[in-house]
Amino acid sequence: MSVETVATAPEKGPRHVALIMDGNGRWAERRGLPRVVGHREGVQALRRTIKAAPDFGVRCLTVFGFSTENWSRPADEVSDLMGLVRSFVGSDLKRLEASGVRLRVLGRRKGLPGDIAAIVDRAEAQTAHNDRFLLQVAFNYGGRADLVDAAQRLLDRARAGLFEGDVTEDDLGAGLSTAGAPPVDLIVRTSGEQRLSNFLLWEAAYAELVFQDILWPDYGAEALGEAIALYGNRERRYGGRDVLTDAPVVKAAG
Ligand code: FPP
């Protein structure tokens, strides 16, 4: 393939993939194991998936680690999930940093245990210089809460005399915790459930949705490849058609 072909070839695969990592509990229960074992295996699946993503041309992964609704789970499960973040950052941050990964944690910092908020701040600062791959972990995140926070930021700026005029999509988008990330191309949910559960509500506007019948702890390169192949067969129209040919404006894969 000539350099020119490479330079002009259309982007075929998704650049930004978001994952709802569902099914850890069921994976464990089916084996008669405590749910925390499912979550631990879920971290392994996350490691496999992060490792595989760049091979598919993915430059950004956003994963749903803990939602604003997950606080209603039993206290020991909440504490297990917090513990997994501590150990994930503790054991993986150096390697991620060395591989050029920038880590960003989406969601409300307020409300997190103090030590987790500090770990997260440090991890973000330590990887801020990286630009090869963006890993966004949604933690204490809810799509509605994120929109509320973006609106509040605008209101605060307006009250301080720093914003005036009509609100645009760019104004609101700039206040979301995903601001600056590439547009979300593909959202995958595992475990067979077919809903967004308050994940990336704004960012999902033109994303393709793929639902896979696999429990998250079994996820890895093969399943990600399947999801990306399904994405490749979708036509992305962003609401438009080509005015001359009536053909779709963008096709995900050639
Ligand atoms: C859904 O499974 C999964 C979660 C609520 C947590 C996902 C977390 C991880 C994969 C590990 C921790 C994350 C990081 C960032 C280190 P579920 O418990 O709802 O499964 P079920 O629907 O089968 O009960």
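Please read all numbers here as calculations on a predicted model, not as lab measurements. Order of listing sets the numbers, starting from 1, for every ligand and every atom in it.
Contact annotation for R30 and ligand 1: no heavy atom of the residue comes within less than 4.0 Å of the ligand. At a heavy-atom distance under 4.0 Å, atoms from both the backbone and the side chain of N24 approach ligand 1.
When atom types are taken as modelled, the side chain of T190 and the backbone of D22 share a donor-acceptor pair closer than 3.5 angstrom.
No N or O atom of L84 sits closer than 3.5 Å to an N or O atom of ligand 1. Residue W216 has no N or O atom closer than 3.5 Å to an N or O atom of ligand 1.
Set against the non-hydrogen atoms of H39, the atoms of ligand 1 under 4.0 Å away are 11 (C), 18 (O). Annotation for ligand 1: atoms under 4.0 Å from non-hydrogen atoms of F88 are 16 (C). Interface of V137 with ligand 1, defined as ligand atoms under 4.0 Å from a residue heavy atom, comprises 15 (C). Near D22, the atoms of ligand 1 lying under 4.0 angstrom from a non-hydrogen atom of the residue are 1 (C), 2 (O), 17 (P), 19 (O), 20 (O), 22 (O). Those atoms of ligand 1 with a heavy atom of G65 less than 4.0 angstrom away are 6 (C), 7 (C), 8 (C).
Contact between R35 and ligand 1 is present, with at least one heavy atom of the residue lying under 4.0 Å from the ligand. In this structure, E193 has no heavy atom closer than 4.0 Å to ligand 1.
Inter-residue side-chain proximity for L96 and S99 is flagged as unmet; no heavy-atom pair is nearer than 4.5 Å.
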Pairs under 3.5 angstrom only: tabulate donor-acceptor contacts from the side chains of residues 27-37 to other protein residues two or more places apart or in another chain.
from: W27; atom 1: NE1; to: D218; atom 2: OD1; distance (Å): 3.0
from: E29; atom 1: OE2; to: R35; atom 2: NH1; distance (Å): 3.0
from: R31; atom 1: NH1; to: W27; atom 2: O; distance (Å): 2.9
from: R35; atom 1: NE; to: E77; atom 2: OE1; distance (Å): 3.0
from: R35; atom 1: NE; to: E77; atom 2: OE2; distance (Å): 3.2
from: R35; atom 1: NH2; to: E77; atom 2: OE2; distance (Å): 3.2

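Between F64 and F199, the ring-plane angle classifies as parallel under the 30° and 60° cut-offs.
Electrostatic pairing of D156 and R153 does not count as a salt bridge here, judged by no charged N lying under 4.0 Å from a carboxylate O.
Partner F66 forms a ring-ring contact (aromatic ring centres under 6.0 Å, His included) with one of F139, Y141, F88 and no other, that one being F139.
Through side-chain heavy atoms spaced under 4.5 Å, either directly or across other Ile, Leu, Val, Met, Phe, Trp or Tyr residues, L162 is tied to no other residue.
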